[in-house]
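Okay, structure first, notes after.
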Number of protein chains: 2
Amino acid sequence: MGKASRDSSKAIARLRGVGLRPTRQRVELASLLFKGPDRHVTAENLHEEVAGLGLKISLATVYNTLHQFTHAGLLRQVIVDAARGYFDTNTGDHQHFFLEAEGTLIDIPGEDIRVAGVPAPPAGMTVDRVDVVVRVKRA
Amino acid sequence: MGKASRDSSKAIARLRGVGLRPTRQRVELASLLFKGPDRHVTAENLHEEVAGLGLKISLATVYNTLHQFTHAGLLRQVIVDAARGYFDTNTGDHQHFFLEAEGTLIDIPGEDIRVAGVPAPPAGMTVDRVDVVVRVKRA
DNA sequence: ATTCTTCTTTAGAATTATTCTAATCTGTTG
DNA sequence: CAACAGATTAGAATAATTCTAAAGAAGAAT
Ligand SMILES: [Mn+2]
Ligand SMILES: [Mn+2]
Ligand SMILES: [Zn+2]
Ligand SMILES: [Zn+2]
């Protein structure tokens with residue numbers, strides 16, 4: 001049993017675990033996304049990576065899959081740029097540095113950062129989550 | 001001297017103050033934006049408001065003007081939604097509640113909220129600003 | 001295995017927000 | 001007022017994303 005099939009089994013198990021059919025496309029994407037360390041991807045940039053590896057997955061499927069993974073709790077979306085959407089394999093409590101020039105995200109552990117003094121939300125509303133984006137630029 | 005001309009004079013003065021020619025379009029937009037309390041607008045939604053008042057300003061000019069006002073420091077952009085860009089007449093230190101369902105922003109005074117424990121930015125980078133978005137939804 | 005049913009993928013068109021182009025117009029200055 | 005730099009605009013273009021509807025693949029049933 002080689003490395004590729006071990007990746008596949010893990011990906012397949014993870015997909016089954018969240019009730020998604022392990023199609024070739026979903027398995028390949030899940031392997032790429034969850035094999036290594038946490039990462040922040042864009043649909044377009046993941047699609048290019050996939051193409052570069054010689055895999056054939058349509059851009060529509062990359063979008064569909066990223067959204068399905070997000071709904072399944074395997075990914076979360078990060079909003080830092082009005083032009084592009086980012087997907088994050090780290091679904092735990094954490095925040096981000098955003099390098100505007102590069103378009104790069106860097107995690108800040110959730111325990112490091114504290115947000116205090118958030119007023120009560122407007123009547124009838126409840127806090128869904130608190131996002132902190134530390135925008136950084138070249139010194 | 002009526003209300004309209006008083007609004008105009010203030011808008012014209014403000015535009016002159018930041019080195020922008022007080023054209024009819026810029027004066028009308030500045031009057032709308034800065035006459036009353038602080039507000040959060042979208043290019044499209046400001047354009048509709050303008051049209052509703054019977055004023056004729058092209059959408060391209062609304063976009064151009066919002067960006068010029070932003071560069072001049074009269075507005076700032078707020079990034080909360082991957083699909084639309086918001087412009088904020090409140091350029092001071094503050095944060096936001098974002099009602100995802102409504103697409104509405106509500107200011108949180110900068111003194112209220114405190115963010116602590118932000119790690120040192122990556123080498124060679126400097127913190128440009130720290131944005132906090134409190135996403136709320138119907139309870 | 002073969003068939004059946006239900007999902008899934010996909011190419012390409014469509015949509016949405018925004019920007020660009022290049023022609024026309026207007027504010028300001030002399 | 002004339003002249004010029006700067007501004008506005010309609011419409012085309014771009015970019016990210018979503019939609020459509022037709023063809024393909026996965027799982028269940030036979
Ligand atoms: Mn866009
Ligand atoms: Mn989206
Ligand atoms: Zn992250
Ligand atoms: Zn604000």
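Everything numeric here is computed off the predicted structure, so don't read it as measured data. Lettering follows sequence order; numbering is per chain, from 1.
Between Glu102(B) and Lys137(B) there is no salt bridge, since no side-chain N of the basic residue sits under 4.0 Å from a carboxylate O of the acidic one. Electrostatic pairing of Arg76(A) and Asp131(A) counts as a salt bridge here, judged by a charged N lying under 4.0 Å from a carboxylate O. In summary, Glu100(A) and Arg138(A) do not engage in a salt bridge, as defined by a charged side-chain N under 4.0 Å from a carboxylate O.
Atom CD in Glu28(A) sits roughly 14 Å away from atom C1' in dT8(C) (whole-Å rounding). Rounded to an integer number of Å, the gap from CZ of Arg84(B) to P of dT19(C) is 14 Å. One can place CD of Gln68(B) at 12 Å from P of dT9(D), the figure rounded to the nearest angstrom. Rounded to an integer number of Å, the gap from CG of Asp81(A) to C1' of dT17(D) is 14 Å.
Across residues 45-61 of chain A, Lys56(A), Ile57(A), Ser58(A), Ala60(A), Thr61(A) each have a non-hydrogen atom less than 4.0 Å from an atom of DNA chain C (numbered order). Within residues 11-26 of chain A, the residues that have a heavy atom under 4.0 Å from DNA chain D are, in order of number, Arg16(A), Arg21(A), Pro22(A).
For Glu48(B), there are no salt bridge (charged side-chain N to carboxylate O under 4.0 Å, His left out) partners two or more places apart in sequence or in a different chain. Taking the ring pair (Phe, Tyr, Trp, His ring centres under 6.0 Å) definition, one finds that His96(B) meets it with His40(B), His94(B), sequence neighbours left out.
Side-chain heavy-atom separations under 4.5 angstrom define the hydrophobic clusters, and the remaining members of the one that includes Val62(A) are Ile12(A), Leu15(A), Val18(A), Leu20(A), Val27(A), Leu29(A), Leu32(A), Leu33(A), Phe34(A), Val41(A), Leu46(A), Val50(A), Leu53(A), Leu55(A), Ile57(A), Leu66(A), Phe69(A), Leu74(A), Leu75(A), Phe87(A). Grouping Ile, Leu, Val, Met, Phe, Trp and Tyr residues whose side-chain heavy atoms lie under 4.5 Å apart, directly or via other members, places Leu59(B) in a hydrophobic cluster with Tyr63(B).
Proximity of His67(A) to the phosphate of dT17(D): no side-chain N or O atom is located under 4.0 Å from OP1 or OP2. At least one side-chain nitrogen or oxygen of Tyr63(B) sits closer than 4.0 Å to the OP1 or OP2 atom of dT18(C).
Around the CZ atom of Arg24(A), the shell of radius 6.0 Å holds more than 12 heavy atoms that belong to other residues, nucleotides or ligands.
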